[in-house]
Undergrad: 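One structure is given below, represented as structure tokens, and several questions about it will come after.
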Protein chains: 2
Amino acid sequence: MINSRFTVAVHLLALMSAGRERCAEAALTSEIAAESVNTNPVVVRRILGSLRKAGLVSSHPGPTGGWLLMQEPREITLRDVYRAVEEEALFSMHHRPPSSHCAVGRNIQDTLETYFGEAECAMQSKLGERTIADVLDDVMARVRAPAV
Amino acid sequence: MINSRFTVAVHLLALMSAGRERCAEAALTSEIAAESVNTNPVVVRRILGSLRKAGLVSSHPGPTGGWLLMQEPREITLRDVYRAVEEEALFSMHHRPPSSHCAVGRNIQDTLETYFGEAECAMQSKLGERTIADVLDDVMARVRAPAV
DNA sequence: GGAAACCGTAACCGTATCTATTACAATTAG
DNA sequence: CTAATTGTAATAGATACGGTTACGGTTTCC
């Protein structure tokens, strides 16, 4: 199971997107964000740091400081976010290399890397169909029409 | 990152599929299998136990005992294997529930479960396009034409 | 009936990863 | 100068995972 960094990253970008609709210059502080996510501000800063490295957000220290979106919510796909916070391949290979004395053991990793790569690519492509703006729209629709 | 159980499970089914081409009644023992995978027989038995629960293999104790395929390799997709060994959702939600005082915090999990579910579904669908027979064919093609 | 070869599973260990937390230096606005 | 913020290292605690040992249950075969 994939860790929760991706989930938190999308949450944070949705927060910043919502904040920007009220005031474009108001930066989100890690402390305020941490309250919404229900975690520690350091955890927020670490994840936003990854997003900054990917060019999605910027940060500024000091009073009036905080974090700002660097791209339009409509332009940021969940795939962009995923790739900003997840570095490794989705599927892991054998813990220890399989036997080289066995035809299957000798060749299955190459085979599986091909097949698994296709599957991960399909997953990322689906993520690429949704943006942060979609997420915020969906969240706000739920605010107006809460589940029964 | 997903653990290596899925990888090992596919490896084991490919081994059994290869063994069956030589002799349909010869069961694969967890000890022989563990040598190819380069792990401990108990690890093999644990994973094959999951596959048995899914109806993909059967086991038999005693001398001449071991593990046998219960379905045609051409009928077993990687999706079947994935679902046999992976129980939880691919993406994890927040470690602690987000703030209920925030519109985003209150609704984002429902939104993300929808979007993440679509992405996981796309990944599984791609896995569904490949079978154990495909894996073994690909492995054997590499045996005949090794990479340079 | 007894020995040998399997599976089934519980128990435990060491390691890695993840989240949370504290602490503190660096930067900036006012 | 003060206060508010980021940046990051260090650490702790929890969890998951793979590896290993141990041992009981089942089956084959002599």
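Chain letters run A, B, ... following the sequence lines, proteins first, then strands; residues in each count from 1. All of these numbers come straight from a predicted model, not from anything done at the bench.
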Undergrad: Does a side-chain N or O from A/Ser30 land closer than 4.0 Å to OP1 or OP2 of D/dT6, or not?
TA: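 Yes, such a contact exists.
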Undergrad: B/Glu31 has an atom CD; how far is it from atom P of D/dT20, in whole Å?
TA: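 Nearest whole value for this atom pair: 13 Å.
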Undergrad: Contact class for A/Gly49 vs. all strands (heavy atom < 4.0 Å): base, sugar-phosphate, or nothing?
TA: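 Nothing, no nucleic acid heavy atom in range.
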Undergrad: Please give me the minimum heavy-atom distance between A/Pro98 and B/His11, naming the atom from each residue.
TA: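 Closest approach of A/Pro98 to B/His11, heavy atoms only: CB-CE1, 3.7 Å.
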Undergrad: Whole angstroms only, please: what is the CH2-C1' distance between B/Trp67 and C/dG8?
TA: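 B/Trp67 atom CH2 is separated from C/dG8 atom C1' by 8 Å.
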Undergrad: In a check of side chain to side chain contact (heavy atoms under 4.5 Å, CB included) between A/Leu69 and each of A/Leu51, A/Leu28, A/Ile132, A/Ile76, which one passes?
TA: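 Of A/Leu51, A/Leu28, A/Ile132, A/Ile76, side chain to side chain contact (heavy atoms under 4.5 Å, CB included) with A/Leu69 is met by A/Ile76 alone.
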Undergrad: Can you measure A/Leu28 atom CG to D/dA4 atom C1' for me and round it to whole angstrom units?
TA: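 So the two atoms are 15 Å apart, to the nearest Å.
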Undergrad: Can you tell me the distance, in whole Å, between the CD1 atom of A/Ile47 and the P atom of D/dT8?
TA: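 Checked: the CD1 to P distance equals 15 Å.
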Undergrad: Could you state the atom-to-atom distance from NE2 of A/His95 to C1' of D/dT20 in whole Å?
TA: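 Taking NE2 of A/His95 and C1' of D/dT20, I get 14 Å after rounding.
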Undergrad: Between A/His60 and C/dA29, is there a contact of a side-chain N or O with OP1 or OP2 at under 4.0 Å?
TA: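 For A/His60, the contact criterion (side-chain N or O under 4.0 Å from OP1 or OP2 of C/dA29) is met.
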Undergrad: If the cut-off is 4.0 Å, is A/Arg45 near the phosphate of D/dG7, judged by side-chain N/O to OP1 or OP2?
TA: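 Indeed not, no polar side-chain atom of A/Arg45 lies that close.
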Undergrad: Just to be sure I understand the rule, does B/Asn3 reach a base, reach only the sugar-phosphate, or reach nothing, if contact means heavy atoms closer than 4.0 Å?
TA: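 Contact class for B/Asn3: sugar-phosphate only.
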Undergrad: Is a donor on one side and an acceptor on the other found under 3.5 Å between the side chain of B/Arg106 and the backbone of B/Ser100?
TA: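 Yes.
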Undergrad: Send over the distance from B/Leu48 CG to D/dG18 C1', rounded to a whole Å.
TA: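 To the nearest whole Å, that distance equals 16 Å.
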Undergrad: Can you tell me which nucleotide in D/dT28, D/dG7, D/dG18 comes closest to the side chain of B/Pro63?
TA: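 Shortest atom-to-atom distance from the side chain points to D/dT28.
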Undergrad: Round to a whole Å and report the spacing from CZ of B/Phe6 to P of D/dA16.
TA: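 Rounded to the whole Å, the gap is 21 Å.
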Undergrad: On DNA chain C, check which nucleotide each of A/Arg46 and A/Thr64 is closest to and give me the residue with the more 5' one.
TA: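 Closest to the 5' end, via its nearest nucleotide, is A/Arg46.
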Undergrad: Taking only N and O in the side chain of A/Ser4, is any of them less than 4.0 Å away from OP1 or OP2 of C/dT19?
TA: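 Yes, such a contact exists.
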Undergrad: Let me know the distance between CG of B/Asn40 and C1' of C/dG14, rounded to the nearest Å.
TA: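 B/Asn40 atom CG is separated from C/dG14 atom C1' by 15 Å.
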Undergrad: Confirm from the modelled atom types if B/Arg96 and C/dA20 form a donor-acceptor pair under 3.5 Å, side chain to base only.
TA: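 It does not, because no donor-acceptor pair links the side chain of B/Arg96 to the base of C/dA20 below 3.5 Å.
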Undergrad: Are B/Arg74 and B/Asp137 ion-paired here, with the side-chain N under 4.0 Å from a carboxylate O?
TA: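 Looking at B/Arg74 and B/Asp137, the cut-off is met.
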Undergrad: State which of D/dA22, C/dA20, C/dC7 makes the closest approach to the side chain of B/Val42.
TA: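 Looking only at heavy atoms from C-beta outward on B/Val42, the closest nucleotide is D/dA22.
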Undergrad: Would one find a side-chain N or O of A/Thr39 under 4.0 angstrom from OP1 or OP2 of C/dA20?
TA: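 So the side chain of A/Thr39 is within the cut-off, an N or O lying under 4.0 Å from OP1 or OP2 of C/dA20.
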Undergrad: Can you label the angle between the B/Phe6 ring and the B/Tyr82 ring as parallel, tilted or perpendicular, going by 30° and 60°?
TA: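 Rings of B/Phe6 and B/Tyr82: perpendicular, as their planes differ by over 60°.
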Undergrad: Select base, sugar-phosphate, or nothing to describe what B/Arg5 touches, counting heavy atoms under 4.0 Å on all strands.
TA: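 Sugar-phosphate: the residue B/Arg5, judged by heavy atoms under 4.0 Å, touches backbone atoms but no base.
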